[in-house]
Amino acid sequence: MNELRRALLPAFLLAVAACSPQPDAANTAQADPPLAGAAIGGPFTLTGEDGTPVSDRDFAGQYRIVYFGYTFCPDVCPVDMQNLGAAMRLLDQKDPALSARIQPIFVTVDPARDTPAVLREFTDAFYPRLLGLTGDPATIAKVAKEYAVYYKAQPSGPGGGYLVDHTRMAYLMSPEGKPLALLPVEGPPQPIVDEIERWAK
């Protein structure tokens, strides 16, 4: 756990340094997004659920929600994706035009087990437009670094299974691929919708 905290500290400090002071209610509309100017994100080419290459350029003009996790995660990832899926369904009903401009993306940190077919089954269970991406280990490591995401596979257990420690963050990215805010996917769906509506304009 101490190793995880040390690994996450630089990314946390970077995000905090990039944040503008908390606005009061009167100035909320003029406030910059919390992650404006943070060095998070970048170009990538990964493998989609149908086995074909998927590039960041494929999402030009769309907001993106980018989450790093793995399908064999026993608790955190399924809960976060359930919350995100529920939030997107709320947004589908409340503001279909905005929802259509948002692409939720799940990037695996366990490419050895998360094949395109495995990812498709996982993402389809939570939201139909949630897109799973995988790739070779070196490419996943590069993309994770660009998004300030830490992950590390733990030693295998007696049955050969293993856990992967990883950062628990969902980024809301702009149509230009710039970071806007962190979404509270660890909680109920309405605050997620509120944060999306606040920064996706």
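The first residue of the sequence shown is numbered 1, and numbering continues consecutively from there.
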Original post:
Are F126 and V76 co-members of a hydrophobic cluster defined by side-chain heavy atoms under 4.5 Å apart?
Top reply: yes

**OP:** Supply the atom-to-atom distance F44 CZ to D56 CG, rounded to the nearest 0.5 angstrom.
**Re:** 5.0 Å

Subject >> Which atom of L133 lies closest to which atom of G48, heavy atoms considered >> reply: CD2-CA, 3.8 Å

Original post:
I192 versus M88: any side-chain heavy-atom pair under 4.5 Å?
Top reply: no

Original post:
Can you find a pair of side-chain heavy atoms, one from C73 and one from H166, that are under 4.5 Å apart?
Top reply: yes

Subject >> Derivation and outcome, side-chain contact (heavy atoms from CB on, under 4.5 Å), residues L131 and F106 >> reply: CA-CA 6 Å; L131 176 64; F106 181 93; over 6 Å; no

**OP:** State which residues pass salt bridge (Lys or Arg N to Asp or Glu O under 4.0 Å) with D136; sequence neighbours excluded, sorted by chain then number.
**Re:** none

Original post:
Just checking, R64 and F59: is the charged tip under 6.0 Å from the six-membered ring centre and within 45° of the axis?
Top reply: no

**OP:** Say whether Y162 and D110, considering side chains only, have a donor N or O and an acceptor N or O under 3.5 Å apart.
**Re:** yes

Original post:
Under the 3.5 angstrom rule, does the side chain of T167 hit a backbone N or O of Y150 as a donor-acceptor pair?
Top reply: yes

Subject >> Audit row: L98, E197, side-chain contact (heavy atoms from CB on, under 4.5 Å) steps and yes/no >> reply: CA-CA 8 Å; L98 174 58; E197 290 184 318; 4.2 Å; yes

Subject >> Nearest heavy-atom neighbours spanning A170 and Y67 >> reply: CB-CD1, 3.9 Å

**OP:** Tell me, yes or no, whether the heavy-atom count around E186 atom CD, taken from other residues, nucleotides or ligands under 6.0 Å, exceeds 12.
**Re:** yes

Subject >> Any donor-acceptor pair under 3.5 Å from S55 side chain to R57 backbone >> reply: yes

Subject >> 4.5 Å side-chain heavy-atom contact, I196 and I65 >> reply: yes

Original post:
Where do A97 and R101 come nearest, in terms of heavy atoms and distance?
Top reply: O-CG, 3.4 Å

**OP:** Give the intermediate values and the outcome of side-chain contact (heavy atoms from CB on, under 4.5 Å) for residues L163 and Y70.
**Re:** CA-CA 9 Å; L163 300 176; Y70 68 113; 3.7 Å; yes

Original post:
Between atom OG of S99 and atom CD of Q93, what is the distance when rounded to the nearest 0.5 Å?
Top reply: 10.0 Å

**OP:** For T134 and D114, test the side chains for any donor-to-acceptor distance below 3.5 angstrom and give the result as yes or no.
**Re:** no

Original post:
Is a side-chain N or O of D165 found less than 3.5 angstrom from the main chain of K152, in a donor-acceptor match?
Top reply: no

Subject >> Separation between CD1 of I40 and OH of Y171, rounded to the nearest 0.5 Å >> reply: 4.0 Å

**OP:** Determine the minimum heavy-atom distance between A38 and P179, stating which atoms define it.
**Re:** O-CG, 3.5 Å

Original post:
How long is the span from the OG1 atom in T45 to the NZ atom in K142, to the nearest 0.5 Å?
Top reply: 9.0 Å

Original post:
Step by step, would you call T108 with T71 a side-chain contact (heavy atoms from CB on, under 4.5 Å)?
Top reply: CA-CA 8 Å; T108 183; T71 68; 5.8 Å; no

Subject >> For the student: nearest non-hydrogen atoms of E49 and L130, plus distance >> reply: OE2-O, 3.6 Å

Original post:
Rounded to the nearest 0.5 Å, what separation is found between the CG atom of D194 and the CG atom of L183?
Top reply: 11.0 Å

Subject >> Centroid-centroid distance, F68 to Y151, less than 6.0 Å >> reply: no

Original post:
Just by modelled atom types, is the D80 backbone N or O under 3.5 Å from a matching donor or acceptor in the N83 side chain?
Top reply: no

Subject >> From CG (D95) to CG (L90), nearest 0.5 Å >> reply: 12.0 Å

Original post:
Where do M173 and G41 come nearest, in terms of heavy atoms and distance?
Top reply: CE-CA, 4.2 Å

Original post:
Quick check: does any side chain N or O of R129 sit under 3.5 Å from a backbone N or O of Y127, one acting as donor and the other as acceptor?
Top reply: no

